[in-house]
Amino acid sequence: MPRQITIKPGGHSFDCADDDTVLTAALNADLMLPYGCRNGACGSCKGKILAGAVDYGAHQAATLTLDEKAQGLALFCCAKPLTDLVIEVKELRRAGDFAIKRLPCRIESIARPAPDVAIVRLKLPANERLQFLAGQYVEFLMKDGRRRSFSLANAPHDDALLELHIRNVPGGYFSNQVFNEFKGREILRLEGPFGSFHLRETSDKPIIFVAGGTGFAPIKAMIEHALHHAHNRPMVLYWGARAKRDIYLPDLPGQWQQASRDVTFIPVLSTPEPGDDWPGRTGLVHAAVLEDFDDLSGYQVYACGGPAMVDAARTAFVATRGLPPDEFFADSFTYAPPA
Ligand SMILES: Cc1cc2nc3c(=O)[nH]c(=O)nc-3n(C[C@H](O)[C@H](O)[C@H](O)COP(=O)(O)OP(=O)(O)OC[C@H]3O[C@@H](n4cnc5c(N)ncnc54)[C@H](O)[C@@H]3O)c2cc1C
Ligand code: FES
């Protein structure tokens, strides 16, 4: 039996079919709620149940604790209503303008700019286009039902090929194929675009981008989008990596800086190698931001990379630098759930 869900404070109501999650039903109704991984790992979709009951669904225990459940919180990407619901969550822009598509694609090229990073370019069928917002991601659909998420690294205007930056996860089901089996021209299936991590273009606040490793991918898309549309917002990019070789597109931020005085690039290495002869910043990437900025109250921050970096950045920027919580946007690169 379909359940009715009402969002506060937005006031929109929509039906949720049997077996749909709250998030799926909201997206089907063209309503955009915040979300990231869609599998109970990142916490982006967390909101409050004001009335009614849910089946919480499969999620990571640390992402939604028993205490939080007792406080009425739920992860809307996995929660399914057991009754009609009233929920409290921030509604974002309407999602309906870009349809989520399921498409075949062909691997056009695989480059290896660093030992454990592959840049994969994908071609869609000639009559197909994927419309997306800079920063969103796609999921590969495997034959056995597994899905793997990767952010689009190209800006929407530059969409002849889709570009992904894929880290080699030791023992990783998909990345192992990318690094050891694929030669190019393989046909894959993808679905997207997904996610609420995208450039907020109605704001004119200066931006701080914080990237960890391949978390650079969606941030590259956002910066190229902003430059293409001459947004004229000051943008400081902090890119954190272990060693010099892990800054896998070292010349690109310099090209952005030459193209626009709005861009500043600060690479930060956590463990430079002796041969790196590194004159630049070292340490944790979010700590470099804290060193440089006493007051973030007038900024927007976009952070992307491992969950530990994203969580540390959010906590510190909001608690100690006055960043408004709703001006922090992030995608956590969580692992896919076990098969
Ligand atoms: C929205 C989103 C966007 C993403 N975008 C990108 C991107 O652009 N580029 C990118 O490189 N990655 C990205 N990721 C991360 C990527 O989707 C995952 O790392 C994915 O699991 C990789 O798939 P795989 O098949 O290679 O590895 P998997 O088969 O998923 O990994 C399996 C390996 O990881 C280990 N593992 C599983 N869980 C954990 C854990 N919690 N801690 C430590 N080890 C664990 C397993 O033991 C196993 O060895 C994104 C994730 C999300 C949610
Ligand atoms: S936990 Fe729900 S979107 Fe990540």
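FYI, side chains are in, hydrogens and waters are out, and symmetry mates aren't considered; it's all heavy atoms of this structure. Every number for a ligand or one of its atoms is a count from 1 in the order of the listing.
A salt bridge between Lys101 and Glu128 is present, with a side-chain N of the basic residue lying under 4.0 Å from a carboxylate O of the acidic one. Between Arg102 and Glu191 there is a salt bridge, with a side-chain nitrogen of the basic residue lying less than 4.0 Å from a carboxylate oxygen of the acidic one. Contact check on Lys48 versus Glu88 returns no salt bridge, with no Lys/Arg side-chain nitrogen under 4.0 Å from an Asp/Glu carboxylate oxygen. In summary, Glu273 and Arg242 do not engage in a salt bridge, as defined by a charged side-chain N under 4.0 Å from a carboxylate O. Salt-bridge check for Asp20 with Lys80: failed, with every basic side-chain N at 4.0 Å or more from each acidic carboxylate O. A salt bridge links Lys205 to Glu327: at least one charged side-chain nitrogen sits closer than 4.0 Å to a carboxylate oxygen. Salt bridge annotation for Asp262-Arg233: absent, with no cationic side-chain nitrogen under 4.0 angstrom from a carboxylate oxygen. The pair Asp292-Arg281 meets the salt-bridge criterion, since a charged nitrogen lies less than 4.0 angstrom from a carboxylate oxygen. For Glu108 and Arg185, the salt-bridge test fails: no basic side-chain N is under 4.0 Å from an acidic carboxylate O.
The ligand atoms of ligand 2 that sit less than 4.0 angstrom from a heavy atom of Gly40 are 1 (S). The ligand atoms of ligand 2 that sit less than 4.0 angstrom from a heavy atom of Gly43 are 1 (S), 4 (Fe). Ligand-side atoms of ligand 1 in range of Cys37: 53 (C), range being under 4.0 angstrom from any heavy atom. In summary, the atoms of ligand 1 found under 4.0 Å from a heavy atom of Gly172, numbered by their order in the structure, are 24 (P), 25 (O), 26 (O), 27 (O), 28 (P), 29 (O), 31 (O), 32 (C). Contact atoms of ligand 2 toward Ala41: 1 (S) (distance under 4.0 Å to a heavy atom of the residue). Below 4.0 Å from some heavy atom of Ile166 lie the following atoms of ligand 1, by number and element: 11 (O). Numbered from 1 in the order shown, with element, the atoms of ligand 1 that lie under 4.0 Å from a heavy atom of Thr214 read 9 (N), 10 (C), 11 (O). Atoms of ligand 2 lying under 4.0 Å from at least one heavy atom of Arg38, given by number and element, are 3 (S), 4 (Fe). The distance from ligand 1 to the heavy atoms of Tyr137 drops below 4.0 Å at these ligand atoms: 1 (C).
Geometry about atom 4 (Fe) of ligand 2 gives an angle of 100° between SG of Cys37 and SG of Cys42, rounded in steps of 10 degrees. Here Cys77 contributes SG and Cys45 contributes SG, and at atom 2 (Fe) of ligand 2 these two atoms make an angle of 100°, given to 10°.
For Arg38 and Phe194, the positive end sits near the middle of the six-membered ring, less than 6.0 Å away and at most 45° from its axis. Judged by the 6.0 Å and 45° rule, Lys69 forms a cation-pi pair with Tyr56. Both cation-pi conditions hold for Arg146 and Tyr173: the charged atom is under 6.0 angstrom from the six-membered ring centre and inside a 45 degree cone around its axis.
Looking at Asn176 next to ligand 1, no N or O pair under 3.5 Å apart turns up. At least one N or O atom of Phe174, backbone or side chain, sits closer than 3.5 Å to an N or O atom of ligand 1. The shortest N or O to N or O distance between Arg148 and ligand 1 is below 3.5 Å. Polar contact check, Ala336 against ligand 1: a nitrogen or oxygen pair lies under 3.5 Å apart.
A centroid separation of 6.0 Å or more is found between the aromatic rings of Phe132 and Tyr137. Between Tyr302 and Phe209, the distance from one ring center to the other falls under 6.0 angstrom.
Residue contacts with ligand 1, taken as heavy atom pairs separated by less than 4.0 Å, involve Ser332 solely via the backbone atoms N, CA, C and O. Residue contacts with ligand 1, taken as heavy atom pairs separated by less than 4.0 Å, do not involve Arg146 at all. At a 4.0 Å heavy-atom cut-off, ligand 1 touches Pro170 through the backbone alone.
The protein non-hydrogen atom at the shortest distance from atom 14 (N) of ligand 1 is Ser149 O, 3.4 Å. In this structure, the protein non-hydrogen atom closest to atom 15 (C) of ligand 1 is Thr334 O, 3.6 Å. The protein heavy-atom contact nearest to atom 39 (C) of ligand 1 is Tyr335 CD1, 3.1 Å. The protein heavy-atom contact nearest to atom 9 (N) of ligand 1 is His165 O, 2.8 Å. Of the protein's heavy atoms, Arg167 N, 2.8 Å lies nearest to atom 11 (O) of ligand 1. In this structure, the protein non-hydrogen atom closest to atom 29 (O) of ligand 1 is Tyr173 N, 2.9 Å. In this structure, the protein non-hydrogen atom closest to atom 26 (O) of ligand 1 is Ser175 OG, 2.6 Å. With respect to atom 8 (O) of ligand 1, the closest heavy atom belonging to the protein is Ser151 N, 3.0 Å.
The nearest protein heavy atom to atom 47 (O) of ligand 1 is not closer than 4.0 Å.
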Candidate pair Phe293 and Tyr299, rule ring pair (Phe, Tyr, Trp, His ring centres under 6.0 Å), full reasoning: CA-CA 10 Å; Phe293 290 86; Tyr299 286 78; 5.2 Å; yes
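A 4.5 Å side-chain heavy-atom check between Gln300 and Phe328 finds every atom pair outside the cut-off.
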